[in-house]
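Report on the following structure.
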Amino acid sequence: EAGVAQSPRYKIIEKRQSVAFWCNPISGHATLYWYQQILGQGPKLLIQFQNNGVVDDSQLPKDRFSAERLKGVDSTLKIQPAKLEDSAVYLCASSFSRGPYEQYFGPGTRLTVT
Amino acid sequence: AQSVTQLDSQVPVFEEAPVELRCNYSSSVSVYLFWYVQYPNQGLQLLLKYLSGSTLVKGINGFEAEFNKSQTSFHLRKPSVHISDTAEYFCAVSERWGIQGAQKLVFGQGTRLTINP
């Protein structure tokens, strides 16, 4: 079974530029999550989708971050414009459905904003 | 709101020695508890989880954890560690009945386990 795929793995941009990350969850998984992991901290949930609908985006900085999952499969997370404090690893995870199902994580995208 | 405190940021241990990684949580509602492991340049992998029932939970790679409701703790243990256990370990909590059934994991800051030969 293929795992959660993410691209790119690494990205370096200058502040005020925009960037997009892509995630392909495990086939058949209805729930998709985006997390931000700043160096030395645990992951923080940014947004959760159930199929193509948003379940929780309470911690997403909506003035600069946006995410979509149009067909209930792949998802993209965008930052526009980026700030220095956005430097982090962005993790995508998926699970079979809502509830206490195991979340499977992708390898992450390491973003450096200079 | 929930919070998680991992009491040790780094734990060095000799190979084949026992280890305990400590985790305390704070929540005003009933919770689920999890331990995840993160190897270098990889995503997180579930080690074990407590949902209900027996307070002693066994996971993969010989790890186990004990849920202690009175002390609001969920410490992770392994009786004999191996070099390959070197990784970052995260404790996480989620509400049992989140909004719309959402499974919002709140993670601790992590404990770096280093196994020395």
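Proteins get letters first, then strands, A, B, ... in listed order; numbering begins at 1 in each.
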Following the transitive rule for hydrophobic clusters with a side-chain heavy-atom cut-off under 4.5 Å over Ile, Leu, Val, Met, Phe, Trp and Tyr, establish whether B:Leu7 and B:Phe74 coincide in one cluster. no

Taking only heavy atoms into account, what residues of residues 34-41 of chain A are found under 4.5 Å from chain B? A:Tyr35, A:Gln37, A:Gly40, A:Gln41

Are B:Phe63 and B:Tyr39 connected in the hydrophobic side-chain network, where two residues link if heavy atoms are under 4.5 Å apart? yes

How about NZ on B:Lys58, more than 12 heavy atoms from neighbouring residues, nucleotides or ligands closer than 6.0 Å, or not? no

With a sphere of 6.0 Å drawn around CZ of A:Phe96, does it hold more than 12 non-hydrogen atoms of other residues, nucleotides or ligands? no

Do other residues, nucleotides or ligands put more than 12 heavy atoms under 6.0 Å from the CD1 atom of A:Ile12? no

Examine A:Val54 and A:Trp22 and state if one hydrophobic cluster contains both, with Ile, Leu, Val, Met, Phe, Trp and Tyr joined whenever side-chain heavy atoms are less than 4.5 Å apart. no

Should the heavy atoms of other residues, nucleotides or ligands under 6.0 Å from CD of A:Gln59 be counted, would the total exceed 12? yes

Toward chain B, the part of A:Phe49 with a non-hydrogen atom under 4.5 Å: neither

Any donor-acceptor pair under 3.5 Å from A:Arg9 side chain to B:Asn41 backbone: yes

Check for me, please, whether A:Val73 and A:Leu32 land in the same ILVMFWY cluster - side-chain distances under 4.5 Å, paths through other members count. no

Non-hydrogen atoms of chain A under 4.5 Å away: do they reach the side chain of B:Gln6, the backbone, both or neither? neither

Atom pair CG/CD of B:Leu48 and A:Glu102 - distance to nearest 0.5 Å: 10.5 Å

Just wondering, are more than 12 heavy atoms of other shown residues or ligands nearer than 6.0 Å to CZ in B:Arg77? yes

A side-chain contact here means heavy atoms from C-beta on lying under 4.5 Å apart; do A:Gln103 and B:Tyr36 qualify? yes

At a heavy-atom distance under 4.5 Å, which candidate from A:Ser95, A:Pro43, A:Gly42, A:Ser58 has the highest pair count against chain B? A:Pro43

